[in-house]
Protein chains: 2
Amino acid sequence: MATISDVARAAGVSPATVSRVFNGGRVTAERAQRVREAADTLGFSPNRVARSLRTQRASVIGLLIPDIANPFFTALARGVEDAAQRTNLSVVLCNTDEDVDKERRYLDVALAEHMAGLVVAAASRRRTDLSAAAQRGMPVVAVDRRPRAAEVDAVMVDNQHGAEDATAHLIERGYRRIACVTGPAGASTSEDRLAGYRAALRDADVPDDWIRAHTRHADFRVEGGYTAMKELLALDVPPDAVFVANNLMTVGALRALREAGIAPPGFGILSFGDVPWASLVHPSLSTVHLPAYDLGEAAATLLQERIAGSAKPLQTVVLRTSLEPRKSTAGPG
Amino acid sequence: MATISDVARAAGVSPATVSRVFNGGRVTAERAQRVREAADTLGFSPNRVARSLRTQRASVIGLLIPDIANPFFTALARGVEDAAQRTNLSVVLCNTDEDVDKERRYLDVALAEHMAGLVVAAASRRRTDLSAAAQRGMPVVAVDRRPRAAEVDAVMVDNQHGAEDATAHLIERGYRRIACVTGPAGASTSEDRLAGYRAALRDADVPDDWIRAHTRHADFRVEGGYTAMKELLALDVPPDAVFVANNLMTVGALRALREAGIAPPGFGILSFGDVPWASLVHPSLSTVHLPAYDLGEAAATLLQERIAGSAKPLQTVVLRTSLEPRKSTAGPG
DNA sequence: ACTCGGGCTGAAATCGATTTCTCACCCGGC
DNA sequence: GCCGGGTGAGAAATCGATTTCAGCCCGAGT
């Protein structure tokens, strides 16, 4: 592996000059030419480790996501990656598995590795601690989930508004007993989506205690959705529709429904977040489409501004969701 | 950010001693204790960039995969990640998008970044060039796909054997006109799977020209599977079953079948590779299960041996696939 | 009592790039 | 002919850890 000194020797100049050629210093054209030729024949590319050490800034950003198997997060990751690549940053993807300990270990690595910045979809609202990074001056952007009390930029979707719209859509379609499967009590996303659901039902004069009796908290995973849905179906007067707060739980809920021999349009299903291959499988599913890719792209762009030194006040970007109603127009009747 | 010298000063020792405490050198218990306390109160963790520069080896490995949206590769990635974490390596995930240029750019980054090693699911069999890395002494393990003429370790599935078994299974079920949708002509995976399919049909005395007429090459993506399936269905005598060489193309094929009003068990569908949520959706789909997670884990483990300096001769690990027949037992009739 | 050896230590070199500091040189103006 | 200003280039310091090297101390062996 050729070093800068090898190139310098081959070109008959000092290492400083070689560095200047590649970093836009002032060098006479003739010398610059010699350096470039030498670099080419030696196949030189600067050692990024040494550069990072000297400049105190890496060309790597970290992306912490809770579940790489979830298509929502893979789409988000692609958005981050594409944005990062535009400024020659590489992305280290860290899968925290919704596990706060694992997440903290990755945060430590990011600090020790002196990464240029972090995009974080937090594993927990209460327990994720981003202060260490912020303290050390490492730029951080929260995405999708906002850890409580974190002084960072954030890019979110309008969870509450989207959930309210979507639930209202179910009501318009004629469903009356709309249950809800939401995520863990701690997460900002599950709370906001629940709040939107509640708002829509209240607006339709559904009493609070009915709502409470028909709400289940699960874990944002397939199994949790399955169990919660079974519970709801076992009620004395089962619901005639359900609002499910994320894509994976919808898959579980669908399984529970199939086992119970229940299907749309007699039963309304609304998923917050795109269910993979849903259009193929269940054209009768309504979904709230989440701009996952754009979320990632926006977060990475924001992060790059901070890395470049922007001192603007902290900002929160909120992207709109969009409702994709099911194809069939029939209601529950 | 506390440095090793800060800790040394606080503990009243030299930086060398601090380093020895953390890297298993011989230090008296009493001093080691003082160092550890100082490190704790200062919140010291060694700067990995500096360490990498000095030791000439990073604690990061690269994972190059062609499509992060494909659940097969996300499962593989998790396997790599879990294995890597056991030895405190972090994983940089690079999504090459089946694009050889993008892949080459990532390879350059990996070299400049002096990563400890690479796990590569190559974008192309012919055009992916791993020699630069090998030449510079960077350990590389090919996974799932083997680039032609690359002198590297590899972890693969037994594509041909799995495909042959699976096709034979369709024949046993009573299907007679079994078509095939495979991947791009260049890829090792699509060629091997096609070869397995062919072997099974030949074994059942199906003439070669029939086979050739009922084989389509597509691009391993949903759209390609859809188009190929439509072509096959438009034949004068359409097939009564299809062997599809990867999971995403199966999704496309299923859509084409649904649009044509065709469904199992009248039509046999065999997917090479698990289709996400298939069990929920299409219990009547047979799949060849691929051990994606284990593939990643094995590759990362092998890579770590090489990083640790193992000089064993190059090896190729082949993992077995397993056939998961559809639930219903009825045949085509 | 003297030497030899083994275990700890700290000073200093090292990794490879960037960046400051210094100096030589050239040009135009007085 | 002399002097300032500006420019280009090299020597050397620097980033923060690891590692070599040399020295020191202490105990054991003769």
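Chain A is the first sequence line, chain B the second, and so forth, proteins listed ahead of strands; every chain is numbered from 1. Reckoned from all heavy atoms, side chains included, excluding hydrogens, waters and symmetry mates.
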Checklist entry - Is A:Val49 touching bases, backbone alone, or none of the nucleic acid, heavy atoms closer than 4.0 Å? => result nothing
Checklist entry - Just wondering, do B:Thr128 and B:Leu64 contact through their side chains at under 4.5 Å, heavy atoms? => result no
What pairs of nitrogen or oxygen atoms, one from the protein and one from nucleotides 24-26 of chain D, lie under 3.5 Å apart?
none

Item to check | Basic-acidic side-chain contact under 4.0 Å: A:Arg221, A:Glu98 | outcome: no
Item to check | Contact under 4.0 Å: A:Arg26 side-chain N or O vs D:dT7 OP1/OP2 | outcome: no
Next on the checklist: Evaluate B:Asp108 against B:Arg105 for salt bridge (Lys or Arg N to Asp or Glu O under 4.0 Å), listing each step before the verdict.
Outcome noted: CA-CA 5 Å; B:Asp108 288 344; B:Arg105 281 206 300 278; over 6 Å; no
Table please: side-chain donor-acceptor pairs of residues 2-10 of chain A below 3.5 Å, with sequence neighbours left out.
from   : atom 1 : to     : atom 2 : distance (Å)
A:Thr3 : OG1    : A:Ser5 : N      : 3.2
A:Thr3 : OG1    : A:Asp6 : N      : 3.4
A:Asp6 : OD2    : A:Thr3 : N      : 2.9

Next on the checklist: Just the rounded figure in Å: distance from P of C:dA13 to CG of B:Leu53.
Outcome noted: 17 Å
Checklist entry - Is there a side-chain polar atom (N or O) of B:Gln56 under 4.0 Å from OP1 or OP2 of C:dG16? => result yes
Checklist outcome for this item: From CZ of B:Arg9 across to C1' of C:dA11 the rounded distance in Å is 16 Å
Next on the checklist: Tell me the interatomic distance from B:Ile4, atom CD1, to C:dA11, atom P, rounded to whole angstroms.
Outcome noted: 14 Å
Checklist entry - Does a side-chain heavy-atom distance below 4.5 Å link A:Glu113 with B:Ser59? => result yes
Checklist outcome for this item: note: A:Arg51, atom CZ; D:dG16, atom P; distance rounded to Å ~ 18 Å
Checklist entry - B:Phe44 and B:Phe22: aromatic ring centres closer than 6.0 Å? => result yes
Next on the checklist: What's A:Phe44 touching, base or sugar-phosphate or nothing? Going by heavy atoms closer than 4.0 Å.
Outcome noted: sugar-phosphate
Checklist outcome for this item: Of the candidates D:dC15, D:dA17, C:dT9, the side chain of B:Asn47 sits closest to D:dA17
Item to check | Rounded distance (Å) that lies between atom P of D:dG16 and atom CD of A:Glu113 | outcome: 15 Å
Next on the checklist: Does D:dA17 have its OP1 or OP2 closer than 4.0 Å to a side-chain nitrogen or oxygen of B:Arg48?
Outcome noted: no
Item to check | Whole-Å gap separating P (C:dG16) and NE2 (B:His114) | outcome: 8 Å
Item to check | Stepwise side-chain hydrogen bond (donor to acceptor under 3.5 Å, both in side chains) test for B:Glu37 and B:Gln33 | outcome: CA-CA 6 Å; B:Glu37 277 167 14; B:Gln33 178 62 18; 2.9 Å; yes
Checklist entry - Do B:Tyr106 and B:Val92 have side-chain heavy atoms sitting under 4.5 Å apart? => result no
Checklist entry - Does a side-chain heavy-atom distance below 4.5 Å link A:Asn95 with B:Val91? => result no
Item to check | Cationic N near anionic O, under 4.0 Å, A:Arg146 to A:Glu191 | outcome: no
Checklist entry - Would one find a side-chain N or O of B:Arg31 under 4.0 angstrom from OP1 or OP2 of C:dG10? => result yes
Checklist entry - Can you check the A:Leu111 CG to D:dG16 P distance for me, whole Å? => result 15 Å
Checklist entry - So what does A:Val18 hit on the nucleic acid, given a heavy-atom distance under 4.0 Å: a base, only sugar-phosphate, or nothing? => result nothing
With the criterion being N/O to N/O and under 3.5 Å, what pairs connect the protein with nucleotides 19-21 of chain D, and how long is each?
none

